[in-house]
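One structure is given here, and the rest of the page talks about it.
In this text, all values refer to a predicted model and were calculated from it rather than measured experimentally. Just follow the structure's listing: the first ligand is 1, and inside any ligand the first atom is 1.
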Amino acid sequence: MNIIFLGPPGAGKGTQAQRICDALNIPQISTGDMLRRAMKEGTETGLKAKSYIDAGQLVPDEVIIDLVKERLAQDDCKNGYILDGFPRTVPQAEALSAFADIDSVIELAVEDQVLVDRLSGRRVCVNCGATYHISTLNGKTVCEKCGESLIQRNDDNAETVLSRLQVYHAQTAPLIGYYTEKGLLHAVKGDQGIDNTFAAIMDILGAKA
Ligand code: AP5
Ligand code: MG
């Protein structure tokens with residue numbers, strides 16, 4: 001099954017994609033993670049992406065489309081995948097339709113005020129990318145999966161979060177209408193707790209939670 005996770009920053013795309021991918025045994029293709037890795041490794045793509053990511057703006061379509069096209073051509077994507085954070089503009093969605101058949105688009109809907117709180121309290125593992133929130137960490141500063149340090153993402157500061165939200169509403173939200181017209185969109189309430197959200201998505205995908 002080829003699935004898209006659509007939703008504003010902090011909606012829970014990464015959290016749910018990790019869980020659904022484990023359950024369905026398919027890869028999570030997170031463009032944000034790919035770009036952060038490229039920045040860490042100092043590749044040409046990483047250097048191009050840095051100023052956009054730091055400012056909470058989208059990386060240009062031509063940079064991201066080729067990256068995703070190459071990734072989806074790899075062997076592990078043959079039995080399906082979850083796209084987490086792509087497409088994010090109508091031109092990206094149109095480009096995707098030329099090299100992928102999408103079965104379902106899951107839209108995670110969450111109010112902006114909740115998102116600001118989630119992002120300011122998010123911590124991620126430097127090593128495996130596992131995601132946590134300070135409200136449930138009880139002061140722990142290492143990853144429970146691999147024991148490495150937890151950090152705050154550079155773009156999770158208050159000012160950048162606001163521009164990411166504006167960018168979402170202006171450039172990515174139009175994809176809700178785009179995929180509704182294609183009969184692919186399923187909206188899920190993303191503010192109902194991680195387990196309930198997971199169960200709702202599994203229900204839609206027709207698999208047992
Ligand atoms: P990206 O990394 O994709 O960031 P994003 O879309 O802003 O989304 P986030 O990763 O911040 O949030 P999420 O929805 O994954 O939430 P999470 O599960 O972590 O992109 C970063 C940047 O890269 C972009 O700004 C852009 O510059 C660039 N980029 C990436 N893709 C691009 C593209 N296609 N085109 C152009 N540029 C691109 O959860 C957040 C927090 O909430 C966590 O603390 C979590 O524990 C908590 N939480 C999750 N679910 C729940 C729940 N149900 N209840 C309570 N808490 C919850
Ligand atoms: Mg994410």
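The proximity of Gln16 to ligand 1, defined as any non-hydrogen pair under 4.0 Å, does not occur for either the backbone or the side chain. At a heavy-atom distance under 4.0 Å, only side-chain atoms of Leu35, from C-beta outward, approach ligand 1. In Pro8, the part holding a heavy atom less than 4.0 Å from any atom of ligand 1 is the backbone.
The protein atom (non-hydrogen) at minimum distance from atom 9 (P) of ligand 1 is Arg122 NH1, 3.3 Å. With respect to atom 52 (C) of ligand 1, the closest heavy atom belonging to the protein is Arg118 NH2, 3.2 Å. Atom 3 (O) of ligand 1 has as its closest protein heavy atom Arg88 NH1, 3.2 Å. In this structure, the protein non-hydrogen atom closest to atom 43 (C) of ligand 1 is Thr131 CG2, 3.6 Å. Taking atom 39 (O) of ligand 1 as the reference point, the nearest protein heavy-atom neighbour is Thr15 OG1, 3.6 Å. Nearest to atom 16 (O) of ligand 1 among the protein's heavy atoms is Gly12 N, 3.2 Å. Protein heavy atom in closest approach to atom 7 (O) of ligand 1: Arg164 NH2, 2.8 Å. Protein heavy atom closest to atom 26 (C) of ligand 1, with residue, atom name and distance, is Gln57 O, 3.6 Å.
The closest donor-acceptor contact from the side chain of Asp103 to the backbone of Asn2 lies under 3.5 Å. Side-chain N or O atoms of Glu148 include none that pairs as donor or acceptor with a backbone N or O of Cys128 at under 3.5 Å.
Hydrophobic clustering (ILVMFWY, side-chain heavy atoms < 4.5 Å, transitive): Leu72 and Leu175 are in one cluster. Ile65 is not connected to Leu58 by any chain of hydrophobic side-chain contacts under 4.5 Å among Ile, Leu, Val, Met, Phe, Trp and Tyr, and they are in different clusters. If you chain together hydrophobic residues whose side chains sit under 4.5 Å apart, Val68 and Val90 fall into the same group.
Atoms of ligand 1 lying under 4.0 Å from any heavy atom of Tyr132, numbered from 1 in the order shown and given with element: 43 (C), 44 (O), 46 (O). The atoms of ligand 1 that sit less than 4.0 Å from any heavy atom of Gly14 are 13 (P), 15 (O), 18 (O). The contact set between ligand 1 and Thr197, taken as ligand atoms under 4.0 Å from a residue heavy atom, comprises 53 (N). Atom numbering of ligand 1 starts at 1 in the shown order; those under 4.0 Å from a heavy atom of Thr31 are 30 (C), 31 (N), 32 (C), 34 (N). Close approach to Gly193 involves these atoms of ligand 1, each under 4.0 Å from a residue heavy atom: 53 (N), 54 (N). Interface of Gln92 with ligand 1, defined as ligand atoms under 4.0 Å from a residue heavy atom, comprises 33 (C), 34 (N), 35 (N), 36 (C). Listed by number with element, the atoms of ligand 1 under 4.0 Å from a non-hydrogen atom of Leu119 are 11 (O). Per-residue contacts place Gly190 under 4.0 angstrom from the following atoms of ligand 1 (heavy atoms of the residue considered): 53 (N).
Inclusion of Pro9 in the set of residues having an N or O under 3.5 Å from an N or O of ligand 1 is not warranted.
Under a 4.0 Å heavy-atom criterion, Gly121 is not in contact with ligand 1. Taking 4.0 Å as the cut-off, Ala11 counts as a neighbour of ligand 1 on heavy-atom distance. Heavy atoms of Gly56 stay at 4.0 angstrom or farther from ligand 1. The closest approach between Ser30 and ligand 1 stays at or above 4.0 Å for every heavy atom of the residue.
Within the model, atoms NZ of Lys48 and OG1 of Thr43 stand 9.0 Å from one another, a figure rounded to the nearest 0.5 Å.
Here the shortest heavy-atom distance to atom 10 (O) of ligand 1, taken over Lys13, Arg36, Arg153, belongs to Arg153. Between the choices Ser163, Gly10, Ala55, the shortest heavy-atom distance to atom 40 (C) of ligand 1 belongs to Gly10.
For the pair Arg118/Val114, a side-chain contact is recorded, criterion being any heavy-atom separation below 4.5 Å from C-beta on. Between Ile3 and Ile102 the shortest side-chain heavy-atom distance does not fall below 4.5 Å.
Using a 4.0 Å cut-off between charged side-chain N and carboxylate O, Lys13 and Asp84 make no salt bridge. Between Lys69 and Asp66, none of the side-chain N atoms (NZ, or NE/NH1/NH2) sits under 4.0 Å from a carboxylate O, so this pair counts as no salt bridge. Ion pairing between a basic and an acidic side chain is recognised when a charged N comes within 4.0 Å of a carboxylate O; Asp22 and Arg19 show no such pairing. Residues Lys50 and Asp54 are paired through a salt bridge, judged by an N-O separation under 4.0 Å between the basic side chain and the carboxylate.
Ala130 approaches Gln18 most closely through the heavy-atom pair CA-NE2, 4.1 Å. Taking both residues in full, the closest heavy atoms of Leu115 and Ala11 are given as CD2-N, 3.6 Å, listed atom of the first, atom of the second, then distance.
No more than 12 heavy atoms of other residues, nucleotides or ligands sit less than 6.0 Å from atom CG of Asn154.
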